[in-house]
Amino acid sequence: MKYKNRILIDRVAQHTFKLTGYLVLALLGGIFGMLLYNAISFFLEVKPLDFLTGREWNPTAATPTYGILPLIVSTTIVAFGAMVIAIPLGIGTAAYISEYASPKVKNILKPLIEMLAAIPSVVIGFLGIVLVGPKIAELTDLPNGLNALNGSLLLAIMALPTIITISEDAIHAIPKTYREGSYALGANKWETLIKITIPAAAPGIIAAVMLGLGRAIGETMTVLMATGNAALFPQDFFDSVKTITATIAIEMGEVPYQTTHYFALFAIAIVLFFMTLIANLVGEYFINRFRKYHAA
C-alpha cells in the first residue's frame, strides 16, 4: 500500500512539474504573441528596414519618423559600458570573497552585497541625478552629467550583486582537488586562481555576466532618470541618450490608443525582446563550449 502511494505521489509530482514548465513556456509565448500581434499593425504602415535603420525617432512631429537605430545604439552603449565596469569588479570581488577573505570578512561582505540588490532603481537613479551626474559634469566640463556614462556607472552598480553572488558560488563550487593538484605542481594561490579555478568556474561566471547584462539591458527607471533622454544618435559616452526601455516607459502612458505611435512601441518591445534573447543565446553558447572543453 505504501509502495502504491509512493508511486502515485511521484506521478502527481511529475505531471505537476511538467505542467508548470509548459505553463511558463505558454506565458512566454503569449507575451511574445501579444507583442508581435500589435507590432504587425505598425509594420503594415512602416517598412521594417526603415524602422531598424532610421536615424531619427520623432513620432509626434508633423511628419512622424520612426527610426529606432539611435535607441538601439544608446541601449547598447549604456549596457556595454556597464559591463566593462561591472565584469572585472564583480569577478574580482567574487574571487576575493571565495579565495582570500577570512570567514569573518566573508560573513560581512556577502550580506552587504546582497542588500545592494534590494536598493530600488528609482533611488539609484536619484543618486545619478544629484551625485554622479554633477560630478561627471564637473570633471568633464559639460553642462550636465545626464549622459550615457552616468547610466553605465549606475547600471554597473545594479548589476554587481548578481555578478558577484553567482560568480562567487561558481568559484566556491570548484572541487578542492583542483586547487590541491595545482599547489602540488608548485603553483601559488594567485596562479591557481587565474589558471585553474576561474577557468574551471567559467560556465557559472558567464551565466552571471549574462544575467547582469540582462539586468542592464532591461533596466528602465535608472536610465530614464540619469541619461538625459535625448533620442539622438550618440557619438560617445558623454552624449545624452535615450534607451529603448526609457522610450517605452515615457511614451506609453501618453500615446493615443491604437495609433501608429502606439503600435510602434510594441515594435520597439519586440526589438528589446530579441536583444535580450540574443544575449542569452550567446551566453549559452559559450557556457556549452566551456562545459564540453572541461568534459574532454
Side-chain angles (χ1 to χ4, degrees), residues 10-54 57 59 64 66-76 78-79 82 117-118 120-122 155 158-159 161-162 166 206-224 231 242-288:
D10 286 343
R11 287 180 178 174
V12 171
Q14 178 184 356
H15 290 301
T16 301
F17 294 142
K18 181 186 286 188
L19 178 64
T20 56
Y22 286 139
L23 180 61
V24 171
L25 291 176
L27 288 172
L28 182 62
I31 292 171
F32 180 75
M34 180 269 294
L35 294 176
L36 184 61
Y37 176 78
N38 287 280
I40 288 174
S41 300
F42 170 74
F43 290 125
L44 292 175
E45 300 185 36
V46 179
K47 294 180 180 179
L49 186 61
D50 294 339
F51 173 66
L52 293 172
T53 60
W57 174 265
Y66 297 96
I68 197 180
L69 188 59
L71 308 183
I72 294 176
V73 173
S74 297
T75 302
T76 304
V78 173
S121 58
V122 67
L155 290 183
M158 299 181 71
T162 300
I166 299 177
I206 293 173
V209 170
M210 288 301 105
L211 288 173
L213 177 61
R215 177 74 187 272
I217 292 176
E219 176 56 40
T220 302
M221 186 56 67
T222 299
V223 292
L224 188 153
K242 190 174 188 179
T243 65
I244 292 175
T245 52
T247 302
I248 296 172
I250 292 171
E251 299 180 14
M252 183 57 79
E254 300 178 355
V255 63
Y257 184 61
Q258 290 193 338
T259 59
T260 304
H261 185 188
Y262 174 84
F263 292 124
L265 298 180
F266 285 93
I268 291 177
I270 287 281
V271 173
L272 181 64
F273 182 94
F274 278 110
M275 288 178 67
T276 307
L277 179 63
I278 290 170
N280 289 329
L281 290 176
V282 170
E284 190 66 26
Y285 170 77
F286 284 106
I287 288 172
N288 291 331

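Computation of the quantities below employed the complete heavy-atom set of this structure, encompassing side-chain atoms and omitting hydrogens, waters and symmetry-equivalent molecules. Note that the numbering runs from 1 along the sequence shown for the chain. Predicted model, so just to flag it, every value in this text is computed and none were measured.
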Subject >> Stepwise side-chain contact (heavy atoms from CB on, under 4.5 Å) check, Glu219 with Thr243 >> reply: CA-CA 9 Å; Glu219 176 56 40; Thr243 65; over 6 Å; no
Subject >> Straight-line distance of Leu35 CG to Ile270 CD1, nearest 0.5 Å >> reply: 4.5 Å
**OP:** Drop me the distance from Leu71's CG to Leu52's CG, to the nearest 0.5 angstrom.
**Re:** 11.0 Å
Subject >> Minimal non-hydrogen separation, Pro70 against Gly54, with atom names >> reply: CD-O, 3.4 Å
Original post:
With respect to Ile278, which candidate in Val282, Asn280, Thr276 satisfies the side-chain contact (heavy atoms from CB on, under 4.5 Å) definition?
Top reply: Val282
Subject >> Reference residue Leu272; test side-chain contact (heavy atoms from CB on, under 4.5 Å); the match among Ile244, Leu277, Thr247 >> reply: Ile244
**OP:** Find out whether Ile268 and Trp57 are in side-chain contact, i.e. whether some heavy atom of one side chain is under 4.5 Å from a heavy atom of the other.
**Re:** yes
**OP:** Determine, stepwise, if the pair Phe51 / Leu69 fulfils side-chain contact (heavy atoms from CB on, under 4.5 Å).
**Re:** CA-CA 8 Å; Phe51 173 66; Leu69 188 59; over 6 Å; no
**OP:** Flag the pair Gln258 / Asn38 as yes when at least one side-chain heavy-atom distance between them is below 4.5 Å, and no otherwise.
**Re:** no
Original post:
If every non-hydrogen atom of Gly212 is compared with every non-hydrogen atom of Ala159, which pair is closest and at what distance?
Top reply: O-CB, 3.9 Å
**OP:** Take Leu28 and Phe273, measure what side-chain contact (heavy atoms from CB on, under 4.5 Å) needs, and give me the verdict at the end.
**Re:** CA-CA 11 Å; Leu28 182 62; Phe273 182 94; 4.0 Å; yes
Subject >> From OH (Tyr262) to CD (Glu251), nearest 0.5 Å >> reply: 14.0 Å
Original post:
Any side-chain heavy atom of Leu44 within less than 4.5 Å of one from Phe263?
Top reply: no
**OP:** Kindly determine whether Val223 and Lys242 satisfy side-chain contact (heavy atoms from CB on, under 4.5 Å), including the steps that lead there.
**Re:** CA-CA 8 Å; Val223 292; Lys242 190 174 188 179; over 6 Å; no
Subject >> Thr222 to Ser121 - nearest heavy-atom pair and separation >> reply: OG1-O, 3.0 Å
Subject >> Proximity of Phe42 and Tyr66 rings by center, below 6.0 Å >> reply: yes
Subject >> Sidechain-backbone polar pair: Asp50 side chain, Val46 backbone, donor-acceptor under 3.5 Å >> reply: no
Original post:
Closest heavy-atom contact between Thr245 and Gly218?
Top reply: CG2-O, 3.7 Å
**OP:** Kindly indicate whether the side chain of Pro64, heavy atoms from C-beta on, has any atom under 4.5 Å from the side chain of His261.
**Re:** no
Subject >> Atom pair CE (Met210) and CD1 (Ile217), whose distance is rounded to the nearest 0.5 Å >> reply: 8.5 Å
Original post:
Closest approach of Ala279 and Leu213, non-hydrogen atoms and distance?
Top reply: CB-CD2, 3.7 Å
Original post:
Relative to the ring of Phe274, is the ring of Phe32 parallel (under 30°), tilted (30 to 60°) or perpendicular (over 60°)?
Top reply: perpendicular
**OP:** Could you pull out the closest heavy-atom pair between Ala216 and Leu155, with the gap in Å?
**Re:** O-CD1, 3.5 Å
Subject >> CD1-CG distance between Ile206 and Leu211, expressed to the nearest 0.5 angstrom >> reply: 12.0 Å
